[in-house]
Amino acid sequence: MKGLILVGGYGTRLRPLTLTLPKPLVEFGNRPMILHQIEALAAAGVTDIVLAVNYRPEVMVSTLKKYEEEYGVSITFSVEEEPLGTAGPLKLAEKILKKDDSPFFVLNSDVICDYPFQELADFHKAHGAAGTIVATKVDEPSKYGVIVHDRDTANLIDRFVEKPVEFVGNRINAGLYILNPSVIDLIDMKPTSIEKETFPLLVEQKQLYSFDLEGYWMDVGQPKDFLSGTCLYLTSLSKKSPEKLCNEKFVHGGNVLIDPTAKIHPSALIGPNVTIGPNVVVGEGARIQRSVLLANSEVKDHAWVKSTIVGWNSRIGKWARTEGVTVLGDDVEVKNEIYVNGAKVLPHKSISANVEHEAIIM
Amino acid sequence: MALKVLILVGGETTGTRFRPLSMEGPKLLFPICGKPLITHIIDSLVEQLSDEISEILLIGFFKDSSVFQNYIKQVNSVYPKLKIKYLTEPKPLGTAGGLYHFREEIFTSQDCKLLMIHGDVICDYPFKKMLESYDKEKSNITLFGLDPVTFTKKSSALSNASGEVPDDEFILQNYGAIVAKRSTSDIIHYVEKPSSTISMFRQDTKYRILLNGGIYIFDRSIVDLLQEAKIKKETSNQLVDDVDLEDSKSNVLSLELDVFKTLPQVPETKFTVYQSDDFWYQLKSPVSALLANNFFLAKGACNTSVSTTVEILKPVQILDSDLSQAGSSKIGPNVSIGKNVTIGSGVRLANCIIADDVSIGDNTIIKNAIVSSGAKIGKWCRIEGTITSQTLAENANPNASEGYLKLLNNIVILCQGTVVKSQVFVYNSVVLPHKELKNDIKYEIIM
């Protein structure tokens with residue numbers, strides 16, 4: 001089987017992290033975001049993976065080479081000369097996606113969930129139509145395009161209602177699909193939206209079904225959601241593989257994932273919902289909650305860190321306090337005793353005065 | 001020759017700018033560097049003049065005099081031989097009204113000298129030198145005068161100001177201005193809070209202009225001068241024929257407006273100034289309490305005999321408090337800690353007053369704050385004011401009420417019995433007594 005991952009452009013929404021590393025390589029739950037997807041695709045029997053990208057950074061090529069061997073898959077970059085929307089990349093990758101008659105997966109690279117690719121493929125085969133989209137339930141359907149089903153045929157999509165005023169359902173497109181190669185014939189080689197142009201055609205032909213996603217779902221394309229998504233991921237991990245989580249004495253409230261190379265002072269208090277990457281150092285009496293500490297970062301003694309993404313090689317000083325979805329880029333220093341609230345700090349900066357309100361520190 | 005000392009302590013209606021700290025008791029009894037400001041004055045008096053002083057009188061108009069009666073008992077337990085007493089003005093009588101009202105009690109003998117000081121004055125208290133100058137000049141009245149230039153420099157130097165300093169013209173407009181000859185100590189002109197009338201003297205190098213520093217030495221002639229001033233005032237009030245005005249103001253006498261202003265024209269009174277070039281300040285707002293704390297810490301002997309695992313950045317004063325649990329803590333500079341305070345491990349304290357019976361949990365940081373007695377602060381709290389040297393220097397103007405409000409926003413004041421739950425952040429806020437804080441507060445006044 002085959003899979004196409006819509007990676008897209010520069011990941012500007014996740015800056016300042018994506019100023020240092022392409023978004024698919026930014027660690028989510030201590031592993032590059034895209035690795036979660038590659039692993040799940042490989043587990044479902046996918047052998048050919050296409051990455052639809054606007055540009056092809058060298059670091060991504062070399063990293064993914066490694067994964068090709070590790071997971072026994074072939075990874076191809078499909079580079080758009082100009083942005084082709086969400087459907088155009090399918091056409092561009094036609095050669096690979098149409099190399100056999102088997103259906104192919106399509107996924108947005110920002111989406112995290114327990115990828116149900118095997119079940120999805122089975123479901124797709126069972127109904128026999130051209131396409132299946134994964135649907136997730138949301139609390140506020142009025143903000144999304146909502147799926148409305150056919151009255152008689154279970155799971156057959158009747159129409160989409162964009163931002164419904166009245167309640168018509170609470171299932172939305174989760175950004176994961178499985179499609180037959182024939183769908184590509186509906187797409188022209190020009191900027192095209194799969195959601196707004198291709199799917200309505202399939203709906204008209206009664207060829208589009210939906211598959212209900214179990215468990216959590218999150219688009220982690222921006223820092224706030226990256227942190228929320230981490231909480232969901234860790235909660236899921238605590239149920240499915242609790243052995244992967246840390247249960248040392250310094251953990252408070254659970255959901256703490258710590259790389260074995262990290263050094264945590266026993267008097268620190270960590271959790272809930274924290275991931276700590278390789279070679280991170282956490283000092284005496286530090287308090288960390290709802291945060292992501294990327295590789296080689298340091299939280300010094302008595303610091304208090306909440307709702308913060310601490311970028312690679314960054315340092316938070318003694319008795320400093322960070323909160324409010326603060327994101328520190330690569331090699332940022334927060335000086336001792338400083339307060340930082342909601343700042344997005346570009347790489348290699350040093351913060352030596354309080355940041356009281358949401359701000360971008362250039 | 002007998003020396004009496006008069007300390008003006010004010011009343012409930014004064015010291016409102018010191019709120020909320022004055023809600024717990026008189027401003028002058030608030031602990032600064034481990035003891036009330038008035039105790040700093042009394043200690044200096046005893047140290048310099050114990051042989052000369054026949055009695056210390058505190059004059060104020062607190063309705064409940066028991067606070068000062070109790071205070072006097074404490075003073076007497078330290079100095080059993082010291083004669084000290086509290087006199088209650090029947091109502092607020094102005095800066096000189098109390099002196100006039102109790103004139104017989106004060107000037108018990110003909111050759112009695114009186115040293116009078118506003119209780120909120122903060123300085124090196126060079127009482128002995130001032131008295132020597134008074135005697136040498138054979139003065140009737142000597143004022144404590146400050147060079148406005150050194151005043152601004154010293155007060156901002158203490159606050160580590162690197163930036164602007166308010167100009168001395170601006171400073172002069174908020175104090176009494178003394179114009180004296182450079183060659184002698186004689187005062188030739190006195191203006192209270194001048195606007196521009198003294199600019200002619202400023203151009204002239206024969207004269208020096210000094211600020212009235214709120215410390216005076218008088219002999220009995222002041223009584224006659226006050227008598228005259230009182231008669232003059234009553235006569236003019238009669239002319240106005242305003243019953244209400246007379247009723248409320250008849251006993252009010254201002255040293256500055258009713259006496260000093262007219263003195264240079266009275267040839268039989270020798271009116272001189274003692275010039276000081278040292279630090280001088282007044283305890284007005286809570287911010288000035290921090291500044292005063294820094295001042296006394298800087299000049300005082302610091303007790304820093306704590307365990308080696310606590311890092312101390314001088315100056316720090318720690319009274320009888322338990323720091324046995326305070327490993328990995330870092331304290332200072334400019335911190336005074338009262339009695340019976342418990343401090344957890346990994347605590348950071350800088351530029352703050354921690355009063356008696358306060359407890360501070362592990363890993364908490366407190367900066368630019370005044371924590372009153374009995375406050376309980378949890379773990380991982382952040383109690384932070386963001387006062388800067390700039391704002392402190394601006395505070396040199398005591399009448400800028402707008403500035404005061406701004407300043408209040410730049411420190412944290414936790415009143416008596418405040419409880420701050422763990423992890424809570426208190427930022428540039430004021431918390432009135434006995435409140436419990438469960439959530440972060442920023443730029444708030446919690447009633």
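In the text below, chain A, chain B and the rest are named by the order of the sequence lines, each starting its count at 1. Below, all heavy atoms of this structure are taken into account, side chains as well, without hydrogens, waters or symmetry copies. Since the structure is predicted, the reported quantities are computational estimates derived from the model, not experimental observations.
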S.K.: Starting at CG of A:Asp301, measure out to OG of B:Ser345 and round the result to the nearest 0.5 Å.
M.R.: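 Between atom CG of A:Asp301 and atom OG of B:Ser345 there are 10.5 Å.
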
S.K.: Using only atom types and a distance under 3.5 Å, with no angle test, would you say the side chain of A:Trp319 pairs donor to acceptor with the backbone of B:Gly346?
M.R.: yes

S.K.: More than 12 foreign heavy atoms under 6.0 Å from CD of A:Glu214: is that the case here?
M.R.: no

S.K.: Mind running salt bridge (charged side-chain N to carboxylate O under 4.0 Å, His left out) on A:Arg321 and B:Asp440 for me, showing each step along the way?
M.R.: CA-CA 13 Å; A:Arg321 185 179 181 108; B:Asp440 296 0; 3.8 Å; yes

S.K.: Pick from A:Ala286, A:Ala303, A:Ala353, A:Ser267: which one has the most heavy-atom pairs with chain B under 4.5 Å?
M.R.: A:Ala286

S.K.: Determine whether a donor-acceptor pair (N or O, by modelled atom type, separation under 3.5 Å) exists between the side chain of B:Arg382 and the backbone of A:Glu337.
M.R.: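 At least one qualifying donor-acceptor pair exists.
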
S.K.: Can a donor-acceptor pair be found between the side chains of B:Asn363 and A:Glu284 at a distance below 3.5 Å?
M.R.: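 No pair is found: no donor N or O on one side chain lies under 3.5 Å from an acceptor on the other.
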
S.K.: If I measure from the heavy atoms of chain A, does B:Gln423 come under 4.5 Å with its side chain, its backbone, both, or neither?
M.R.: both

S.K.: So which of B:Thr364, B:Val347, B:Asp362 has the largest heavy-atom pair count under 4.5 angstrom toward chain A?
M.R.: B:Val347

S.K.: Of all of A:Glu323, A:Lys306, A:Lys318, which one pairs up most often with chain B through heavy atoms under 4.5 Å apart?
M.R.: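 Of the options given, most contacts go to A:Glu323.
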
S.K.: Is any side-chain heavy atom of B:Ile365 closer than 4.5 Å to a side-chain heavy atom of A:Trp304?
M.R.: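 Heavy-atom side-chain distance check fails, nothing below 4.5 Å.
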
S.K.: Give, for atom CD of B:Glu384 and atom CG of A:Asn354, the distance between the pair rounded to the nearest 0.5 Å.
M.R.: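 Rounded to the nearest 0.5 Å, the CD-CG separation comes to 4.5 Å.
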
S.K.: Please determine if B:Lys442 and A:Glu356 form a salt bridge, counting it only when a charged side-chain N lies under 4.0 Å from a carboxylate O.
M.R.: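 Between A:Glu356 and B:Lys442 there is no salt bridge, as every charged N stays at least 4.0 Å from the carboxylate O atoms.
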
S.K.: Counting heavy atoms not belonging to A:Ile360, are there more than 12 under 6.0 Å from its CD1?
M.R.: no

